Protein chains: 2
Amino acid sequence: MQTPTELAAAYRSQGRKLTPQRQLLFQLMHGNDKHPTAEALFAEASAQMPGISLRTVYQTLNELAEMGELQFIDIGGGATRFDPNLDDHHHVVCVDCGQIRDVHVNGTAALKPVGIEDFTINEVGVVFQGVCSTCEKSRAKSPKTAQAKSPAQQAKVSK
Amino acid sequence: MQTPTELAAAYRSQGRKLTPQRQLLFQLMHGNDKHPTAEALFAEASAQMPGISLRTVYQTLNELAEMGELQFIDIGGGATRFDPNLDDHHHVVCVDCGQIRDVHVNGTAALKPVGIEDFTINEVGVVFQGVCSTCEKSRAKSPKTAQAKSPAQQAKVSK
DNA sequence: AACCTAATTAGCAAGTCGTGCGAATAAGAA
DNA sequence: TTCTTATTCGCACGACTTGCTAATTAGGTT
Ligand SMILES: [Mn+2]
Ligand SMILES: [Mn+2]
Ligand SMILES: [Zn+2]
Ligand SMILES: [Zn+2]
């Protein structure tokens, strides 16, 4: 995603208006590597701008996605996560706390899909599933007790 | 996923009952490589057993997942897809029609995630995005016209 | 500085997907 | 056949996201 300033220019050049809500969201998303949900972003935004609506957050995120400024990440778990990082990168998910971390992956070019000659491939996504060090420690302390997870950070893991 | 007969045994040995609903779902899922949604499976089941409830379909699918007989696949697009194929494999998604196809991938062992030394990785998933030959042809005929897609097969694609 | 108008916002209704709950039903053991 | 308890089904409800629209506002025009 471009900087808030660059986005301002991009918006104007497209006949879009520069509202305080949008500017705030530009700031909050720029360089954001947390892969937040719309709700999470709404919470942050609300702190600085009480009254901003969740609807506007969704609207702006969709808008930015249409403009190619950010991507959606759907890895299960209910809510879509938003990612302003447009570099070629992939993700690791902690199955315990649900956090998503960027990860650069070497070797993706060498991946050879077999049996789909009839497809024209445009993109490849790699998702690692594991446990982060923090959760690993918690497990050591209370091996039996499942950690309390807020719905927002729960990861619905396959298999 | 095991055969309906094997599942029957597994169920009984776990004190679970063998209902006609479950048996039908075992059949419909066994060897199913369509990665159906719960709704899609419900539709198929309803054809053979009018009156079966969507609730029961969800219940049975969750049950089978708990038993490790199938996996959930979440690649965006609204509904979770179910996969009875437990072999080590990956998926290709047609961004046009939303179909998901199994694909064996060579080279996954060589994938090197960089910068997540603090994670204990358990699993790696690879998803290819592209266009299937059928959709490719449709595009040739009507390049401008977007294909009509049923909600169930729509793929919500990131980026 | 006041004005105009299209774009935007906020809020609530509604849609989709999935789960909690409880009464009625049925599997399977006795 | 009887009994116990797992299961089914239907509906309410919850989480997430979008549709709709009246009120507001950005930003160009006079
Ligand atoms: Mn990312
Ligand atoms: Mn599969
Ligand atoms: Zn964690
Ligand atoms: Zn297709």
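These figures come from a predicted structure and were not determined experimentally. Residue numbers begin at 1 in each chain, while the letters A, B, ... track the order of the sequences.
What separates CG of B/Leu18 from C1' of D/dT5 is a distance of 16 Å, to the nearest Å. Atom-to-atom, OH of A/Tyr58 to P of D/dT17 comes out at 3 Å; the value is rounded to the nearest Å. Remark: P of C/dA10 and CG of A/Leu24 are 11 Å apart, rounded to the nearest angstrom. For B/Ile52 and D/dT7, the CD1 to P distance is 14 Å, given to the nearest whole Å. Residue B/Asn62 contributes atom CG, which lies 13 Å from atom C1' of C/dG20 at whole-angstrom precision. Straight-line distance from the CZ atom of B/Arg81 to the P atom of C/dT16: 17 Å, rounded to whole Å. In this entry the distance linking CZ of A/Arg12 with C1' of C/dA6 reads 17 Å, nearest Å. Distance, B/Arg16 CZ to D/dA6 C1': 10 Å, rounded to whole Å.
When heavy atoms are screened at a 4.0 angstrom cut-off, B/Leu54 is found touching no nucleic acid atom at all. Note on A/Gln21: only backbone sugar-phosphate atoms sit closer than 4.0 angstrom, heavy atoms only; bases stay farther off.
Grouping the Ile, Leu, Val, Met, Phe, Trp and Tyr side chains by contacts below 4.5 angstrom, directly or via other members, places A/Tyr11 with A/Leu24.
In terms of position along DNA chain D, the nucleotide closest to A/Ala38 lies nearer the 5' end than the nucleotide closest to the other residue of the pair A/Gln59 and A/Ala38. Of the residues near DNA chain C, B/Arg55 and A/Arg22, the one whose nearest nucleotide (by heavy atom distance) lies more toward the 5' end is A/Arg22.
Taking 4.5 Å as the limit, every side-chain heavy atom of B/Thr134 sits out of range of all side-chain heavy atoms of B/Asp96.
The side chain to side chain contact (heavy atoms under 4.5 Å, CB included) with A/His89 is formed by just one residue from the set A/Asp83, A/Val126, A/Val103; it is A/Asp83.
Between B/Thr19 and D/dT8 there is a side-chain N or O to OP1 or OP2 distance below 4.0 Å.
Taking CZ of B/Arg16 as the start and OG1 of B/Thr60 as the end, the distance is 9.5 Å to the nearest 0.5 Å.
Taking only side-chain atoms of A/Thr56, from C-beta outward, the nucleotide of C/dG18, D/dT17, C/dA10 with the closest atom is C/dA10.
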I would like to know whether B/His35 and B/Asn85 meet side chain to side chain donor-acceptor pair (under 3.5 Å); could you show each step before the answer? CA-CA 9 Å; B/His35 307 93; B/Asn85 184 349; over 6 Å; no
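For B/Lys17 against C/dA26, no side-chain N or O and base N or O form a donor-acceptor pair under 3.5 Å.
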